[in-house]
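Here's the structure, in structure tokens; my notes come after.
What you see below is based on every heavy atom in this structure, not just the backbone, and it leaves out hydrogens, waters and symmetry mates.
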Amino acid sequence: MAVETEASASGIALAEANINWERLDKTRFHVTGAVLFTAQSALLHPIAVVKTRMQVAGGGVAHMNGVSVLRNILRYDGIPGIFRGFGTSAVGSLPGRVLALTSLEVSKEMVLKSTEGLDISEAPRIAMANGVAGMFSNVVSCAYYVPLDVICQRLMVQGLSGMNTYNGPFDVVCKVLKNEGIRGLYRGFGLTIVTQSPAAALWWGVYGSAQHTIWKSLGFHNNAERTSHLELVTVQATAGTIAGACSSIITTPIDTIKTRLQVMDNYGAGRPSVLKTTKALLEEDGWRGFYRGFGPRFLNMSLWGTSMIVTYELIKRLSVKHD
């Protein structure tokens with residue numbers, strides 16, 4: 001009994017694990033987030049490069065598996081090849097992360113407070129708050145992230161047949177602005193808003209409900225009960241993996257169209273559009289073309305979901321105010 005009491009005391013209550021916006025030291029939250037999320041992005045960036053090349057490439061490369069594409073990049077470009085666009089992404093993402101994380105936490109807190117008096121069970125309420133927060137955060141941050149995506153993806157596909165070569169991110173911006181104006185940096189913006197906002201709502205909604213369901217299945221029925229730090233991280237990681245897997249299956253076709261729309265420069269039939277890009281993809285590869293790069297994307301989103309949420313929850317715990 002003494003051992004159980006000691007273990008319980010050294011654990012953490014579920015209520016303490018659910019850290020809201022008011023309990024956070026905002027400066028520490030954003031600084032810690034910038035460091036840890038940049039490290040996470042560095043680990044996953046090579047998978048994103050492979051996925052992007054598979055979605056855009058034509059000919060034999062389009063039908064190679066992810067491992068073969070990775071070997072191909074390493075053979076011709078070496079280690080720098082799998083990190084193309086990372087510097088731009090890492091530095092450029094810092095303001096976007098502040099915007100995204102702030103809007104996520106504030107909107108989630110608002111929804112939770114506004115639904116306190118409603119006759120809604122806990123699991124749907126948590127899923128709804130997470131889903132609304134994810135969607136709102138995505139809408140707010142898209143205006144910043146879409147141009148960054150266009151720049152990073154163009155750097156990733158350099159060297160492929162028919163693709164332009166650039167001398168860094170500023171060269172990408174200059175060439176895009178010269179050829180297409182500001183609209184060129186916002187290629188796929190409408191498609192991103194229409195598709196990624198529901199996808200973000202899906203991801204955060206699934207994460208919130210999955211975590212709640214897992215805790216209940218483990219016998220935790222109120223926020224006063226205590227759990228170990230290892231069990232807490234395991235449950236959060238599992239819920240993040242489930243959310244990432246569900247999201248990747250549903251959103252890969254749209255992501256393929258968006259990626260091609262943002263990087264292709266064939267103006268033979270006029271300005272690129274969603275309809276033209278979709279038709280071209282169907283002509284090249286049929287319906288299976290919509291799932292080009294699915295393996296790396298599934299792996300990327302599953303690993304991203306797991307590592308992102310564990311990192312995110314760690315950042316929140318490290319950023320709690322000490323009164």
Nearest heavy-atom pair of K175 and T165: which atoms, and what distance?
NZ-O, 3.0 Å
Nearest heavy atoms of V111 and A129, plus distance in Å:
CG1-CA, 3.6 Å
Between S137 and S103, is there a donor-acceptor pair closer than 3.5 Å when you use the side chain of the first and the backbone of the second?
no
Results of side chain to side chain donor-acceptor pair (under 3.5 Å) for T32 - residues two or more places apart only
none
In Å, rounded to the nearest 0.5 Å, how long is the span from NZ of K178 to CG of D171?
10.5 Å
State plainly whether one hydrophobic cluster holds both I249 and I254, where clusters connect Ile, Leu, Val, Met, Phe, Trp and Tyr through side-chain heavy atoms under 4.5 angstrom apart.
yes
Grab the two heavy atoms, one from C246 and one from L202, that are nearest each other, plus how far apart they are.
O-CD2, 4.4 Å
Reported OG1-to-CD1 distance for the pair T252 and I257, which is rounded to 0.5 angstrom:
11.0 Å
Nearest 0.5 Å, what's the CZ-CD distance between R23 and E109?
10.5 Å
Does NZ or CZ of K316 fall inside the cone over W21's six-membered ring, less than 6.0 Å from its centre and within 45° of the axis?
no
Apply side chain to side chain contact (heavy atoms under 4.5 Å, CB included) to E231 and L218, showing your working.
CA-CA 10 Å; E231 191 170 35; L218 292 174; 3.9 Å; yes
Would you check if there is a donor-acceptor pair between the side chains of H30 and S319 at a distance under 3.5 Å?
no
Compute whether any side-chain donor of one residue and acceptor of the other, for Q40 and T311, lie under 3.5 angstrom apart.
no
I'd like to check the side-chain contact (heavy atoms from CB on, under 4.5 Å) partners of L43; sequence neighbours left out, ordered by chain and number.
none
Short side-chain to backbone donor-acceptor contact, S89 and G85, under 3.5 Å:
no
Does the side chain to side chain contact (heavy atoms under 4.5 Å, CB included) test come out yes or no for Q236 and Y207, once each step is laid out?
CA-CA 8 Å; Q236 291 171 342; Y207 170 71; 3.7 Å; yes
Does a side chain donor of either T102 or R97 reach within less than 3.5 Å of an acceptor in the other side chain?
no
What's the spacing between D77 CG and N72 CG if we round to 0.5 Å?
8.5 Å
Of all residues at least two apart in sequence or in a different chain, which pass the side-chain contact (heavy atoms from CB on, under 4.5 Å) check with Y144?
P95, L148
Could you pull out the closest heavy-atom pair between L94 and A34, with the gap in Å?
CD2-CB, 3.7 Å
With clusters built from Ile, Leu, Val, Met, Phe, Trp and Tyr whose side-chain heavy atoms come within less than 4.5 Å, directly or transitively, what are the remaining members of the cluster of F136, listed by chain and number?
L99, V140
Is it the case that one hydrophobic cluster holds both W203 and F37, taking links as side-chain heavy atoms less than 4.5 Å apart, direct or via other members?
yes
Indicate if I214 and L230 have the same hydrophobic cluster label, given that clusters are the connected sets of ILVMFWY residues with side-chain heavy-atom separations under 4.5 angstrom.
no
Run the side chain to side chain contact (heavy atoms under 4.5 Å, CB included) check on Q211 and V235 step by step: do they pass?
CA-CA 6 Å; Q211 186 178 188; V235 169; 3.9 Å; yes
Smallest separation among heavy atoms of V176 and G184, with atom names:
CG1-C, 3.5 Å
Residues clustering with L275 (ILVMFWY side chains joined when closer than 4.5 Å, directly or via others):
none
How about K26: does its NZ atom have over 12 heavy atoms from other parts shown lying under 6.0 Å from it?
yes
Ignoring hydrogens and geometry, is there a side-chain-to-backbone donor-acceptor pair from S247 to G244 under 3.5 Å?
no
Rounded to the nearest 0.5 Å, the CD1 atom of I19 sits from the CD1 atom of I315 at a distance of 11.0 Å
The side chain to side chain donor-acceptor pair (under 3.5 Å) partners of S107 (sequence neighbours excluded) come to none
Okay, side chain of S93, backbone of G96: is any donor-acceptor separation there less than 3.5 Å?
no
Do V31 and M308 land in one hydrophobic cluster if side-chain heavy atoms of ILVMFWY residues count as linked below 4.5 Å?
no
With a 3.5 Å distance limit and no angle check, can you tell me whether R187 reaches the backbone of V150 through a side-chain donor-acceptor pair?
no
Report whether W204 and L112 are members of the same hydrophobic cluster (ILVMFWY, side-chain heavy atoms less than 4.5 Å apart, transitive linking).
no
Please check if the side chain of N130 supplies one atom and the backbone of I126 the other of a donor-acceptor pair under 3.5 Å.
yes
Test side chain to side chain contact (heavy atoms under 4.5 Å, CB included) on F170 and I151 and set out the steps.
CA-CA 9 Å; F170 293 107; I151 296 167; over 6 Å; no
Would you list the pairs meeting salt bridge (Lys or Arg N to Asp or Glu O under 4.0 Å) in which at least one residue belongs to residues 124-145, sequence neighbours left out?
E122-R125
Looking only at atom types and distance, does a side-chain atom of S209 sit under 3.5 Å from a main-chain N or O of V206, one as donor and one as acceptor?
yes
Test of understanding: with side chain to side chain donor-acceptor pair (under 3.5 Å), list the residues that count as partners of K113, not counting sequence neighbours.
E22
Got a sec, which pairs hit ring pair (Phe, Tyr, Trp, His ring centres under 6.0 Å) with one end in residues 67-98, sequence neighbours left out?
H45-F86
Residues that S68 engages under side chain to side chain donor-acceptor pair (under 3.5 Å), provided they are two or more places apart
N65
Value for OG1 (T238) from CD1 (I242), rounded to nearest 0.5 Å, stands at 6.5 Å
Using a 4.5 Å cut-off between side-chain heavy atoms of Ile, Leu, Val, Met, Phe, Trp and Tyr, which other residues end up in the same hydrophobic cluster as V91?
none
Kindly write out the residues that satisfy salt bridge (charged side-chain N to carboxylate O under 4.0 Å, His left out) with R28, not counting sequence neighbours, or none if the list is empty.
D25
